[in-house]
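To start, the structure under review is shown below, and the notes come after it.
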Amino acid sequence: MQQRVYAFDFDGTLTTRDTLFAFVRHARGTASLVVGLLIHVPYLVAMKMGLSDNGKTKERLLGWFFKGTTEEDFDAMCRHFAADSRHLLRPDGLAAIDDALREGSRVVVVSASIDRWVRPFFADRPGVTVEGTRMEVVDGRLTGRFLGSNCYGQEKVNRLKALLGDRNDYQLTAFGDSSGDRELLAYADEKHYKPFRNR
């Protein structure tokens with residue numbers, strides 16, 4: 001019998017908005033966020049126009065804010081952000097996760113956001129696995145670079161393949177809301193685009 005796996009995008013699917021800027025504002029303050037965005041306007045515009053890779057732009061932006069931060073301090077920021085931002089989660093999305101866990105299915109949240117700030121949102125649901133973009137850490141400090149690829153597009157499928165093994169061993173239901181989820185949704189047996197929007 002095939003295992004059932006539910007794969008959820010995070011930003012926009014399980015949350016009411018993207019968490020990247022929300023996290024930076026929470027960790028560094030509004031003034032620092034504004035300054036950082038102004039400095040990176042050319043890169044952000046190029047990304048929006050499809051002229052630069054979104055992963056490289058995000059890496060550059062996060063590196064500007066957090067390069068040199070200790071791993072311990074960054075993880076504390078992530079935990080505090082999740083604790084203070086529960087209101088961003090969509091109730092129907094959480095209900096779908098809880099239903100899947102109750103039926104004994106595997107639940108994976110696969111996100112382009114940094115795994116370290118996504119994971120604490122599900123600390124009270126130990127059955128949830130989080131796959132996200134990873135920050136490189138050397139000698140206990142963030143280098144400002146990503147460890148591996150930005151978890152976006154095809155990389156979401158690659159993560160599921162690495163995590164779950166043979167595709168014939170499970171039935172996959174996927175939830176997403178953006179172009180970054182296109183490959184994930186195409187890979188699934190059952191797909192839901194922009195779910196949980198009634199709240």
Answer yes or no: is there a donor N or O on one side and an acceptor on the other, between the side chain of Arg90 and the main chain of Thr15, under 3.5 Å?
yes

Would you say Thr173's side chain and Tyr6's backbone share a donor-acceptor pair under 3.5 angstrom?
no

Verify whether one side chain among Glu72 and Thr70 offers a donor that lies under 3.5 Å from an acceptor in the other.
no

Suppose we screen for side chain to side chain contact (heavy atoms under 4.5 Å, CB included). Which residues come up paired with Glu136, at least two apart in sequence or across chains?
Val138, Thr143, Arg145, Leu147

Gap between atom CD of Glu155 and atom CG of Leu160 - 0.5 Å precision:
10.0 Å

Spatial distance of atom CZ (Arg159) from atom OH (Tyr152) [nearest 0.5 Å]:
15.0 Å

With Arg167 as the cation and Tyr170 as the aromatic partner, state whether NZ or CZ is under 6.0 Å from the six-membered ring centre and within 45° of the axis.
yes

Is it true that a side-chain atom of Arg116 and a backbone atom of Cys78 form a donor plus acceptor pair closer than 3.5 Å?
no

Can you tell me how the ring of His192 sits relative to the ring of Phe175, calling it parallel under 30°, perpendicular over 60° and tilted otherwise?
parallel

Residue pair Lys194, Asp9: steps toward the salt bridge (charged side-chain N to carboxylate O under 4.0 Å, His left out) verdict
CA-CA 10 Å; Lys194 293 187 176 181; Asp9 167 59; over 6 Å; no

How long is the straight-line distance from CG of Leu89 back to NE2 of His87, given to the nearest 0.5 Å?
9.0 Å

Over all atoms of both residues, closest heavy-atom pair of Leu101 and Arg125:
CD1-CB, 4.3 Å

Interatomic spacing from CZ in Phe146 to CZ in Arg134 - rounded to 0.5 Å
12.5 Å

Flag, side chain of Asp189 to backbone of Leu172, donor-acceptor distance under 3.5 Å
yes

Phe74 ring center near Phe81 ring center (under 6.0 Å)
no

Can you confirm whether Asp124 is buried at CG, in the sense that more than 12 heavy atoms of other residues, nucleotides or ligands lie under 6.0 Å from that atom?
yes

How many angstroms lie between atom CD of Glu131 and atom CG of Leu163, to the nearest 0.5 angstrom?
5.5 Å

Side-chain (Lys58) to main-chain (Ala112) donor-acceptor, under 3.5 angstrom
yes

If we ignore hydrogens and angles and just use 3.5 Å, is the side chain of Thr57 paired with the main-chain N or O of Asp53 as donor and acceptor?
yes

Between Thr30 and Arg25 (side chain of the first, backbone of the second, donor and acceptor by atom type, cut-off under 3.5 Å), is there such a pair?
no

From CZ (Phe23) to NE2 (His80), nearest 0.5 Å:
11.0 Å

Of all heavy-atom pairs linking Gly55 and Asn150, the shortest is CA-ND2, 3.5 Å

